[in-house]
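Scroll down for the structure; my scribbles are underneath it.
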Amino acid sequence: MLTDIDRAKYKEIACRIRFDVIKMTYHAGSGHPGGSLSLVELLTMLYFKHLVHKPIDPNWSGRDRLVLSKGHACPALYAVLAESGYYPREEMWTLRKFGSRLQGHPAKDKGLPGIEVSTGSLGQGLSIAIGMAISAKMFEHRDNRIFAILGDGEIQEGQVWEAFMSASHFKLDNLIAIIDNNNLQIDGYVDKVMCIYPLKEKLQAFGWRTITCNGHSLDEVDKALEIAREKTGKPTVIIMKTVKGKGISFMTNKAEWHGKAPSREQALIAVTDLGYPENVLDKDIN
Amino acid sequence: MTIYEEHGWKMVPSRNGFGLALRDLGETHPELVVIGADLTESVRANYFAEKYPERFFNAGIAEQNAATIATGLALSGKIAVFSTYGVFAAGRAFDQLRTTICYNKANVKIGGAHGGLSVGPDGATHQALEEIALIRVLPNMVLIVPADSEETYKATVAAIEQIDGPVYIRFGRSPVPTITNKDTPFEVGKALTIKDGSDLTIAACGSCVAESFLAAEILDKKGISARILDIHTIKPIDKTAIELAARETGAILTVEEHQVYAGFGSAVAEVVVQTCPVPMHFIGINDRFGESGSPRELTKFFKLDYENIALQAIKLLERKF
Ligand SMILES: Cc1ncc(C[n+]2csc(CCOP(=O)(O)OP(=O)(O)O)c2C)c(N)n1
Ligand SMILES: [Mg+2]
């Protein structure tokens, strides 16, 4: 359990990250708010508690690695990176603009500190993480962890199951996959479009240790990440129950908010939903 | 008013033509089935899916499976259309296209959506700049890159009604000027002369045809007469029209929203050097990835805009024999 003080602190950060996602996509005029908002509590607990990293030394070799396999959710990643101090906050509002380091999907070659790898073509991130986990475990003999964040629609890709199979085969207990189980993809509900369930049973059959949690409970996410870090001889997957568009009234659990930016009026409603005065949309927080 | 509107061209995404054609053909072709991959509306397959839900199959985010399911349907007598973004249709499912679809000469039509820079702010990962190169090397494959929505409609109809075998149609996301109309002729494998001219030829495909036409207007004012060819079918390419253009105009500039290496310009050059070698210049993406930005910004940045096309045409003329 988090202390009341810590919980309040993380809650405040999470709220700001949501604001950042809204403001970024509003300024960009396009982007992916839905699947960014479902990751907010996870990324908050990772970047501000569990992830071993040094924002002042982004390439520090002892760091944990994080692969955002569902690359379209990069607004949330860009926000926690700015909040962690990897790059200046003002730069966030250049998202998706010509010449920005904040590309529509994470772009390693643009040099934004904290971006481990370019992603955006779904289904490949877990394999990247496996390669990193093999290297860390078998060649560098480091005790860091490799995280891969996947969408639930994303795991319809066959490659993901090739990866699931190989991670347990290679006994990668330094590997932690996290599935953002918001049950939505572009065309609608995941179980209607192409059913992936029962998920836990499938993953166990593939040789993974499974943990399930409510992805919007800071306490549950905290606990899941703590357990996941323990080494058991198997790779670990956290099946995180989430709500796409979480925190913003009109985006909540709506497929249409997968890849669309809020208008000014909608952004103002969103800011109010988050408990901020409307003027922060232009002035910024603080 | 934009220069496109001044010409009375309606701005429509070419993907609309694909969707409308599928919807219309669904009625007359009960054997038509469509396979999607979680991008039903994006590729405009929703027009068909809403009307014929029993003949639409969503494979989810699984392009390799989708392409291969399409093959099985085709080998069972269906006309199977598989559509997703070009990066995934041509890239992710390449081996399936090669060995399963093309080697079997399966009657599968591939709708390669979001071709070129038209997906703008999504950035490099989603900007398909390699499909022409990838697809045109495949035996048994027909490759069409229509100029606008009307032409995409006709290409889709032709692919389904006239061709028994694999066809890849590349179309875009953002609105582009509709420069052809219902009565403009369309024949697979036959280039369309958009404007005749004698000093040089500008050969283009896709959205670059309209830009090339605008460039020709600038050139006209300078007393340079440019022939504009809309080479919508890149495979089989119209050798006759290209050879004639080389003989009659003596210089060929190619324009494509695609990598220059192994792309459209290369396909044209393959004909030119083997029939009537003349100086050529290739406008396209020069061996780099795309960027986030608005499609218009990117068109300018990558020098695919009519002003640069006109400039390069003038430079090319200096090299004429
Ligand atoms: C290989 C591939 N196919 C298709 C897409 C287009 N696409 C982007 S996001 C998305 C839906 C993702 O759904 P999910 O994984 O559930 O993500 P989330 O709900 O967390 O946003 C699709 C189909 C892609 N980026 N990559
Ligand atoms: Mg999802």
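Every chain is numbered from 1 and lettered A, B, ... according to where its sequence line falls, protein lines coming before strand lines.
Contact annotation for residues 65-78 of chain A against chain B (heavy-atom separation below 4.5 Å): no residues qualify. Contacts between residues 178-190 of chain A and chain B, counted as heavy-atom pairs separated by less than 4.5 Å, involve Q185(A), I186(A), D187(A). Near-neighbour residues of residues 123-131 of chain A relative to chain B, defined by a heavy atom under 4.5 Å from a heavy atom of that chain, comprise G123(A), Q124(A).
Ring centroid separation for the pair F98(A) and F301(B) comes in under the 6.0 Å cut-off.
Seen from the ring of W257(A), K244(A) does not count as a face-on cation partner, given the 6.0 Å and 45° thresholds. Judged by a 6.0 Å distance limit and a 45° cone about the ring axis, R55(B) is positioned over the six-membered ring of Y52(B).
Within the 4.5 Å cutoff, no side-chain heavy atoms of E256(B) are placed close to those of V145(B). Using a 4.5 Å heavy-atom threshold, the side chains of M92(A) and T94(A) count as separate. You'll find the side chain of F57(B) stays beyond 4.5 Å of the side chain of I69(B), heavy atoms only. A 4.5 Å side-chain heavy-atom check between T71(B) and F82(B) finds every atom pair outside the cut-off.
Residues Q96(B) and T68(B) have side chains that never bring a donor and an acceptor to within less than 3.5 angstrom of each other. Counting only N and O atoms by type, the side chains of Y26(A) and R264(A) include a donor and acceptor under 3.5 Å apart. A donor and an acceptor atom, one from each side chain of S212(B) and Y306(B), are nowhere located under 3.5 Å apart.
We find the CG-CH2 distance between D148(B) and W9(B) to be 10.0 Å, quoted to the nearest 0.5 Å.
Side-chain atoms of R15(B) come within 3.5 Å of backbone N or O of R173(B) as a donor-acceptor pair.
Your options are L122(A), I196(A), I155(A), and the one with the most heavy-atom pairs under 4.5 Å with chain B is L122(A). Your options are G158(A), G31(A), G153(A), and the one with the most heavy-atom pairs under 4.5 Å with chain B is G153(A). For the set G99(A), G29(A), G120(A), G259(A), the count of heavy-atom pairs under 4.5 angstrom toward chain B peaks at G120(A). Among the candidates M194(A), Q156(A), Q159(A), the residue making the largest number of heavy-atom pairs closer than 4.5 Å to chain B is Q156(A).
Within a 6.0 Å radius of OH in Y197(A), other residues, nucleotides and ligands contribute more than 12 heavy atoms. Heavy-atom neighbours of K200(A) NZ from other residues, nucleotides or ligands within 6.0 Å: at or below the threshold of 12.
Contacts of S30(A) with chain B are made by side-chain atoms alone, with heavy-atom separations under 4.5 Å and no backbone atom involved. Residue F289(B): no heavy atom, backbone or side chain, is found under 4.5 Å from chain A. For Q103(A), the parts lying near chain B are the backbone and the side chain together; criterion is any non-hydrogen pair under 4.5 Å. Residue S118(A) does not touch chain B at all, counting heavy-atom pairs closer than 4.5 Å. Proximity to chain A (any heavy atom under 4.5 Å) is restricted, for L298(B), to the side chain, taken from C-beta onward.
Screening R170(B), Q259(B), R136(B) for a side chain to side chain donor-acceptor pair (under 3.5 Å) with E131(B), the sole residue that qualifies is R170(B).
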Show which side-chain atoms of residues 120-129 of chain B pair as donor or acceptor with protein atoms under 3.5 Å away, not counting sequence neighbours.
unit_1  : atom_1 : unit_2  : atom_2 : d
D122(B) : OD1    : R96(A)  : NH1    : 3.1
D122(B) : OD1    : R96(A)  : NH2    : 2.6
T125(B) : OG1    : H105(A) : ND1    : 3.3
Q127(B) : OE1    : E291(B) : N      : 3.1
Q127(B) : NE2    : G120(B) : O      : 2.9
Q127(B) : NE2    : E291(B) : O      : 2.8

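Between W161(A) and F164(A), the ring planes lie perpendicular to each other; the angle is over 60°, past the 30° to 60° tilted range.
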